[in-house]
Every structure is written in C-alpha cells, then in structure tokens.
*Asks:* 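Here it is, the structure in full.
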Amino acid sequence: MGNSRSGALSKEILEELQLNTKFTEAELCTWYQSFLKECPSGRITQQEFERIYAKFFPDADPKAYAQHVFRSFDANSDGTLDFKEYVVALHMTTAGKPTQKLEWAFSLYDVDGNGAISKNEVLEIVMAIFKMINPEDMKHLPDDENTPEKRAEKIWTFFGKKDDDKLSEEEFIEGTLANKEILRLIQFEPQKVKERIKEKKQ
C-alpha cells in the first residue's frame, strides 16, 4: 500500500503540498497520476520538459525559454524535476501571490544564479520569449519593443539602471509591483495559452 510505485502520492508530500499551495487533495492526486503517465520514473528530465512545453506552442520555438523555465523550477539543481518541484512551480507561476510569482520571475531572469540580474541576462530571457511570439503577433508590437534589444532596453530603463548596473531581487519585485508596464514586458502569456487553460478548466 505504502509503495509510491503503485501510483499513490505519499501522505507526507501530499500534506506538504496542500500546506504550501492552493491545490486540493483531489487535484494533486489526479495530477500525480498524469505525471506518472508522462514520466513513469517519477522525474522529468530537461528534454522531457521541453517536449511537454513544446505542445503548448506548436507554431513557435519554445526550446530556449523552456530551458530557462526548467532551470528556475529545478530547486535542487539535479537536472530533473520531481512531482513536488513541478507542483510548487506550477503553484508559483499560476496561483501564487504576486510576490511569489515575481520571486519565480526573478529566478528565471537570474540566469547565472548569482542573486542579481544584469542587463545581458534580461536580454537572454527576452530573446527566448521572442522565439515564441508568432509572426502575426510580432507585427502588432509597439516600435519601442519590437526587438529583444529594444524590449530589454525598455525594461532596464524602467528600473532606472545604467548598462553595467545589477538589479537585486528586492528592486526587481518592488519595481515590478509598482509598474504594470514592467510586468507586461517581462512575462510571456500568449492569449492562446490562456484560452487553452480556460478550456481545460471547463
């Protein structure tokens, strides 16, 4: 009965996840079953994660972005995601409080993991985001943010930083909470994905 290979989520992990996320026991158990179907080993490798991610963006190239997302989710840096890391990440990016989401966004942009963001790191993530914007949507971007370089420049300017400055997590969170424009520029939430998520909920 207590064997996790039988497809049941351990009581400890279940309780911990219910405590730290807004998900119900039923939701967590259902997700665990589908997680094991996708990943019988109970762990997602970066390649598997990229494959799952790519299903959401059939007409784009999400590989670079997926790699950064995976890195930010892999809490113990072992190169795989277990169910707990996966659910905590899911919670932070979808149901978490604004500050939790921004803590995750900070870890996404802090590419080298040194606790501060440089302008080059902003550009690296923005370039990955641009690979996922389809050509039709690209036409509708404002002139001052229609290339990765322009968008990175715009973000950096909003934070009032010089080219070689660094951005701390506190500055990142406070600046983004205080300015909705920054929030819009740093995230990638295509309508299509939002609509798909809504369809699944109905």
*Asks:* Donor-acceptor pair, distance only, cut-off 3.5 Å: does the side chain of Asp110 make one with the backbone of Gly115?
*Replies:*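 At least one qualifying donor-acceptor pair exists.
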
*Asks:* Between the main-chain N or O of Leu14 and the side-chain N or O of Tyr32, is there a donor-acceptor pair closer than 3.5 Å?
*Replies:* no

*Asks:* Rounded at 0.5 Å granularity, tell me how far CD in Glu25 sits from CG in Leu17.
*Replies:* 11.0 Å

*Asks:* Do Met138 and Phe130 have side chains that approach each other closer than 4.5 Å (heavy atoms only, starting at C-beta)?
*Replies:* yes

*Asks:* So does Gln47 have more than 12 non-hydrogen atoms from other groups sitting under 6.0 Å from CD?
*Replies:*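 Check passes, neighbour count above 12.
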
*Asks:* Mind checking whether Ile117 and Lys166 have side chains closer than 4.5 Å, heavy atoms only?
*Replies:* no

*Asks:* Could you check whether any side-chain heavy atom of Phe49 comes within less than 4.5 Å of a side-chain heavy atom of Leu81, counting everything from C-beta outward?
*Replies:* yes

*Asks:* Between Phe106 and Leu102, is a side-chain contact (heavy atoms from CB on, under 4.5 Å) present by the stated rule, with each step listed?
*Replies:* CA-CA 6 Å; Phe106 181 84; Leu102 291 175; over 6 Å; no

*Asks:* Treating Lys119 as the side-chain partner and Asp165 as the backbone partner, does any N or O pair qualify as donor plus acceptor under 3.5 Å?
*Replies:*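 Pair absent, no side-chain N/O of Lys119 close to backbone of Asp165.
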
*Asks:* Does the plane of the ring in Phe159 sit parallel, tilted or perpendicular to the ring in Phe172? Use 30° and 60° as the thresholds.
*Replies:* parallel

*Asks:* Do Glu149 and Glu153 come close enough that some side-chain heavy atom pair is under 4.5 Å?
*Replies:*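 A side-chain contact under 4.5 Å is absent here.
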
*Asks:* OG1 of Thr147 to NZ of Lys154: how many Å apart, nearest 0.5 Å?
*Replies:* 11.0 Å

*Asks:* Show the numbers, then the answer: is there a salt bridge (charged side-chain N to carboxylate O under 4.0 Å, His left out) between Lys150 and Glu145?
*Replies:* CA-CA 5 Å; Lys150 286 181 187 174; Glu145 56 184 76; over 6 Å; no

*Asks:* Could you grab the distance from atom CG of Asn76 to atom CG of Asp82, nearest 0.5 Å is fine?
*Replies:* 7.0 Å

*Asks:* Answer with yes or no whether the side chains of Asp78 and Thr80 bring together a donor and an acceptor at under 3.5 Å.
*Replies:*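 Per modelled atom types, Thr80 and Asp78 side chains form a pair under 3.5 Å.
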
*Asks:* Mind checking the CD-CD1 spacing from Glu181 to Ile155? Nearest 0.5 Å is all I need.
*Replies:* 10.5 Å

*Asks:* Group every Ile, Leu, Val, Met, Phe, Trp and Tyr by side-chain heavy-atom contacts under 4.5 Å, then state whether Leu28 and Ile13 land in the same group.
*Replies:* yes

*Asks:* Distance-only, no hydrogens or angles: does the Glu121 side chain make a donor-acceptor pair with backbone N or O of Val111 under 3.5 Å?
*Replies:*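 Confirmed, Glu121 side chain pairs with Val111 backbone.
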
*Asks:* Using every non-hydrogen atom in the two residues, find where Glu136 and His140 come nearest and quote the distance to one decimal.
*Replies:* O-CD2, 3.1 Å

*Asks:* Output, in order, the C-alpha distance, side-chain angles, deciding distance and verdict of side-chain contact (heavy atoms from CB on, under 4.5 Å) for Leu167 and Trp156.
*Replies:* CA-CA 9 Å; Leu167 192 59; Trp156 211 238; 4.0 Å; yes

*Asks:* Testing the basics here: between Glu27 and Lys22, what is the closest heavy-atom pair and its distance to 0.1 Å?
*Replies:* OE1-O, 4.4 Å

*Asks:* Step by step, would you call Lys63 with Lys131 a side-chain contact (heavy atoms from CB on, under 4.5 Å)?
*Replies:* CA-CA 9 Å; Lys63 189 175 178 182; Lys131 286 182 182 164; over 6 Å; no

*Asks:* Below 4.0 angstrom, N of the basic side chain to O of the carboxylate: do Glu38 and Lys55 qualify?
*Replies:*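 Salt bridge present between Glu38 and Lys55.
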
*Asks:* Would you confirm whether the ring centroid of Tyr86 sits within less than 6.0 angstrom of the ring centroid of Phe35?
*Replies:* yes

*Asks:* Consider only side-chain heavy atoms of I, L, V, M, F, W and Y, link residues closer than 4.5 Å, and tell whether Met127 and Leu108 are in one cluster.
*Replies:*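 They do not share one cluster, since no chain of ILVMFWY contacts under 4.5 Å joins Met127 to Leu108.
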
*Asks:* Atom CD1 of Ile133 and atom CG of Asp61: how far apart are they, to the nearest 0.5 Å?
*Replies:* 12.5 Å

*Asks:* Count I, L, V, M, F, W, Y as connected when their side-chain heavy atoms are under 4.5 Å apart, and connections chain through other members. Are Leu185 and Ile173 then in the same cluster?
*Replies:*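 As far as the 4.5 Å side-chain criterion goes, Ile173 and Leu185 are connected within one cluster.
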
*Asks:* Within this structure, what is the CD1-CD distance for the pair Ile44 and Glu50, rounded to the nearest 0.5 Å?
*Replies:* 12.0 Å

*Asks:* Which word best sums up how the rings of Trp104 and Phe73 line up, parallel for under 30°, tilted for 30 to 60°, or perpendicular for over 60°?
*Replies:* tilted

*Asks:* At their closest point, which heavy atom of Thr30 faces which heavy atom of Ala26, and how far apart are they?
*Replies:* OG1-O, 2.8 Å

*Asks:* Please walk me through it: do Thr24 and Gln18 pass side-chain contact (heavy atoms from CB on, under 4.5 Å)?
*Replies:* CA-CA 6 Å; Thr24 65; Gln18 280 181 277; 5.7 Å; no

*Asks:* Checking the side chain of Arg151 only, and the main-chain atoms of Val126 only, is there a donor and an acceptor separated by less than 3.5 Å?
*Replies:*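 Not a single qualifying donor-acceptor pair exists.
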
*Asks:* Look at the rings of Tyr53 and Tyr65 and say which category their plane angle falls in: under 30° parallel, 30 to 60° tilted, over 60° perpendicular.
*Replies:*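 Rings of Tyr53 and Tyr65: tilted, 30 to 60°.
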
*Asks:* Do the side chain of Asp74 and the main chain of Phe70 share a donor and acceptor less than 3.5 angstrom apart?
*Replies:*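 No; judged by distance alone, with no hydrogens or angles, the pair does not exist.
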
*Asks:* Please find the pair of heavy atoms, one from Met132 and one from Pro62, that lie closest to each other, and give the distance.
*Replies:* SD-CB, 3.4 Å

*Asks:* Would a distance-only check, ignoring hydrogens and angles, find a side-chain to backbone donor-acceptor pair under 3.5 Å from Glu174 to Glu171?
*Replies:*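 No; judged by distance alone, with no hydrogens or angles, the pair does not exist.
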
*Asks:* Within the 4.5 Å heavy-atom criterion, are His68 and Glu124 side-chain neighbours or not?
*Replies:*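 Side-chain contact under 4.5 Å: yes.
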
*Asks:* When you measure from the side chain of Arg71 to the backbone of Gly79, do you find a donor-acceptor pair of N or O atoms at a distance under 3.5 Å?
*Replies:* no

